[in-house]
Amino acid sequence: MSEPLSPQYEPGAIEGPLFRDWEERGYFRADAARAIAGDADPYVIVIPPPNVTAVLHMGHGLNNTLQDVLTRWRRMQGREALYLPGTDHAGIATQNVVERLIATEGKTRDDLGREAFVERVWTFVDETGSTILQQLRAIGCSCDWTRTRFTLEPDLSRAVREVFVRLYEKGLIYRGNYIINWCPRCLTALSDEEAEPAETNGKLYHLRYPLSGHAPAGMPTLPDGRAYLVVATTRPETMLGDTAVAVHPEDERYQAIVGRQVALPLTDRLIPIVADSFVDPEFGTGAVKITPAHDPNDFEMSRRQNIPSLNVLTPDAHMNDDVPAAYRRMDRFDARKRVVKDFDAAGLLDRIEDHTHSVPHCYRCDTIVEPRLSEQWFVRMKPLAEPALAASRNGSVRFTPDRWTKVYDSWLENIRDWCISRQLWWGHRIPVWYCTAPGCGETIVAREDPTVCTKCGDATLEQDPDVLDTWFSSWLWPFSTLGWPDDTQDLKAFYPTNTLVTAPEILFFWVARMIMAGFEFMGELPFTDVYLTGTVRDTQGRKMSKSLGNGIDPLEVVNLYGADALRYTVVAGSGLGTDVYMDPGNLENTFSVGRNFANKVWNAGRFALMNIQASEVKSVADVESSLELADRWILSRLDAATEEVTRHLESFRFHEAAAAGYHFFWGELADWYLELLKPRLQGDVEQGSREAAEATLVAALDGILRLLHPVMPFITDALWRRLPRIAGDTAAASIMIASWPRSGIRRDEAAEAEMTALMELIGEVRTLRAEYNVAPGTPIAIHLHDVHETLDRALTAEGRALERMARVGTVERNAPAVAGAAGAHAVLRGGAELFIPLADIIDLAQERDRLQKELDRLSGMLKGTEAKLANEQFTARAPVDVIEREREKADNFRDQRDRLSSKLAALRS
RNA sequence: GGUCGCAUAGCUCAGCUGGUUAGAGCGCACGGUUCACAUCCGUGAGGUCGUAGGUUCAAGUCCUACUGUGACCACCA
């Protein structure tokens, strides 16, 4: 009926057309009206917007696959599922990319000017941006592409401005002179979160600062007779900006000189010695140089102590004009060397020690960050943090794995104000204007661009040159993307969202802030569940990154093995929030799990299609009375798999869900059921048996394909659409919109017990054949003793499987023991005995050894079990069913032991 | 310095509320070309569950300490 399928799964030909088909049919679109009308519960995931210039890496591959798994699963469950895509304008990152680009043309952003530069970035973004959204399609993401958003588009910019104004009016946004993290390469302020500390092997320089005036007794002196004290610093060049030296108020060594002055070397300045309890008398010499303009702690102290600040660095980290002429315009690291050299020459270099400390680096360009005193805009975070903290404490937002709750809580508990201004051009311009009319100086913060000063009416307004931190738009994402501040249908239908899946690296940057914004502007949490993924690492445990060049390109994997193989591999490989390890040097090895499984699924489907000619099969209900053991068994196992997959998805145990589907498909359906089915599909059997087989096979495939669809969307739909129709079923056009299977309706304990017994028997026969090197093609006879009822029924129903699956020629039940017969022997669970006469193949002595070994093993296990049962505390306290199980175990062991020893005795005679 | 995580087979990891003889994939060894699949099938070897204590009738699972390792936060200049 349909074209023959290739023996190997070829994803390339299938995925593209299938994805287009889904999109054309509108399966990705979420219907706000339906959700509002209550026809379907909404289920919403917003994508963590990737940088607009980003290209897909494995981190996205993991992240977005998990989001899509959840979305597809919920969609099949009948929810109105919305997976909302979009990108982030990524201020610094994007600006850096374009700056590098124009640098190849020999230009800087200043050459172009602000307007032209921003224009250039837009061109770049329009031309090459958003490729990642295409790439997400390639891995099968079922996003509602009609709702794609961009943080810098007009609607979202309006949300940003609304938020800025509201917070300003509430007094939660302020402008001030503070020490901030400054990137001398990006030439902008960074938030505390954007300055990433890295352990660095540096030096601790001990510098002698001469005291001015007379030398007190007991202090060391220089050759010229002046007393000196020693301060330690890791950044000697900053001494040019020192405005004080501090000691601890109770440090007896320095009591006498507090209040006196130091003649700051290399300069002609005199600076005071102050007492401040911030100083740790134990560290170094207990005396600290104070540089308020270039160190956060010194800055704090300078405010307490009323010490002036002196900025000695330019924005690009060169010495400025406020230092002695010899150092002006010098790079900070050159100046460091020079200062040290000059101290040494003046006999003021006490000593240099190795010193390991952490140094903050720019999270975008990795340049060493320079603390810098400057005027910036801040958000007062404490009031925003309170409801966000309460939400995690009262469990209304849940983190998975839940250990992240503590991390989240402690960040909020120690929340610090957020520096939101950036000295960039690419981003949301700060909606603040300053009136430059003489004597006015009014600051205007407005939703609409003002044309005249609200105070003096003058038109000489200047807008603040800075833009806002990228995250100042991202933190609004769950509602700005739905149309806020307007009261839209989408907002009504889809806010709050449900699950946020993201990397833990942006817990503070993004997740916590979204929760704060949700409460502040929507009065409600933006989502109820946060799933934090692991990190994708290489075989050496290093995080995959572009700069290390150890990344894996997901698209290369898609091209080689298909999106399903990629998806299955990342899902199966990631435990609950654990890191995922992949080998960039061996893609075949890394993704073979997914590739092989996809191929297995393909071939099992192919098998069914080749063996069922009809375009329609009966429903299982219609052939109920003709179902055979194997049929009832596989349907029962499918029911169990359905329950497991569903349960694991509910608790975000993606890997377990994947494993459950895998195990059912390969270990039960393919390895056993299909083998058992062959005679009934290919041989000459009764019509009823064949019909039951076909109905069951199609039902089983139908079910497991649905269970696998969220993880492997392409192959499951490709096969599902080709499956014969099930009579009476109003089949959907695609598995994507088919319903999620229900469980708890086809469990069959008896069938499972019988099949288990049969499978064990076949397994034992295979084991013994292999153990005794019986040629694979040689049919053998087996003897069975003490066949219990369960096994008996299984043999009656599916005895022919022994021939097919274990090359058993004849089965003799309760055959009389032939005295002296040598053979392979095994005792099955439930007490049945298996004997394979092997007189022509093995020698007796060998067999006796084996039996003896087996007997020893059994005796050991029996002893352990008996000891347990003899323990009065066990029998007194353990639950009845546990004791019962132990008893059965012991009885079992005892029986087996007795049989074994009599067998052994028989062999000896 | 503070907080949190991890330590189970050669490798990467499962093991959900303590309870049958601790599992999977890859790798390895042996054996397999009958028409779903060699991206396959069968069999096997390999684990004192990091160390030492403790709780319990029962511990890979709970508690404590230690060792190793990783992450995050705060940083002492």
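All figures in this text were calculated on a predicted structure; none of them were measured in a lab.
On a pure distance criterion of 3.5 Å, no polar donor-acceptor pair joins the side chain of A:Arg606 and the base of B:C37. For A:Arg807 and B:U43, a side-chain-to-base donor-acceptor distance below 3.5 Å is absent, hydrogens and geometry of angles not being considered.
Across all strands shown, B:C41 is found opposite B:G31 as a Watson-Crick or G-U wobble partner, with both distances under 3.5 Å. Across all strands shown, B:G70 forms a Watson-Crick or G-U wobble pair with B:C4, both key distances being under 3.5 Å. The partner of B:A9 cannot be assigned: no Watson-Crick or G-U wobble pair with both contacts below 3.5 Å exists in any strand. Pair check for B:U20 finds none; no Watson-Crick or G-U wobble contact set falls under 3.5 Å.
With the nearest nucleotide of RNA chain B identified for both A:Trp666 and A:Thr767, A:Trp666 has the one nearer the 5' end. Taking for each of A:Glu282 and A:Asp192 the nucleotide of RNA chain B with the nearest heavy atom, the 5'-most of the two is the partner of A:Asp192.
Not counting sequence neighbours, the partners of A:Glu194 by the side chain to side chain donor-acceptor pair (under 3.5 Å) test are A:Ser191, A:Tyr363, A:Arg422.
If you check every strand for non-hydrogen atoms under 4.0 Å, A:Asn871 touches sugar and phosphate atoms only. Using a 4.0 Å heavy-atom criterion, one finds that A:Leu674 contacts the bases of the nucleic acid, with or without backbone contacts as well. At the heavy-atom level, A:Arg235 lies nowhere under 4.0 Å from the strands shown. Using a 4.0 Å heavy-atom cutoff across all strands shown, A:His663 reaches no nucleic acid atom at all. Among the protein residues, A:Ala659 comes within range of no part of the nucleic acid, since none of its heavy atoms lies under 4.0 Å from any strand. Using a 4.0 Å heavy-atom distance criterion, A:Asp298 is classed as making no nucleic acid contact. A:His355 comes within 4.0 angstrom of sugar-phosphate atoms only, judged by non-hydrogen atoms across all strands, and of no base. Looking at heavy-atom distances under 4.0 Å, A:Glu675 makes contact with a base. Within 4.0 Å of A:Val288, counting heavy atoms only, lies at least one base atom of the nucleic acid. Within 4.0 Å of A:Lys406, counting heavy atoms only, lie sugar-phosphate atoms of the nucleic acid but no base atom. A:Ala670 comes within 4.0 angstrom of a base, heavy atoms only. Nucleic acid contact for A:Gln682: sugar-phosphate only, since backbone atoms but no base atoms lie under 4.0 Å from a heavy atom of the residue.
A heavy-atom distance below 4.5 Å is not found between the side chains of A:Thr291 and A:Met239. When side chains are defined from C-beta on, A:Val274 counts as touching A:Ile307, because their heavy atoms get closer than 4.5 Å.
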| said: If you apply the rule ring pair (Phe, Tyr, Trp, His ring centres under 6.0 Å), what do you find for A:Tyr408 with A:Phe508, and how did you get there? | reply: CA-CA 7 Å; A:Tyr408 169 90; A:Phe508 308 141; 8.4 Å; no

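Checked against the 6.0 Å centroid threshold, A:Phe399 and A:Tyr531 do not count as a close aromatic pair.
Among the candidates A:Asp350, A:Thr233, A:Val230, the single residue satisfying the side-chain contact (heavy atoms from CB on, under 4.5 Å) test with A:Leu207 is A:Thr233.
Taking only side-chain atoms of A:Lys600, from C-beta outward, the nucleotide of B:C41, B:U39, B:A14 with the closest atom is B:C41.
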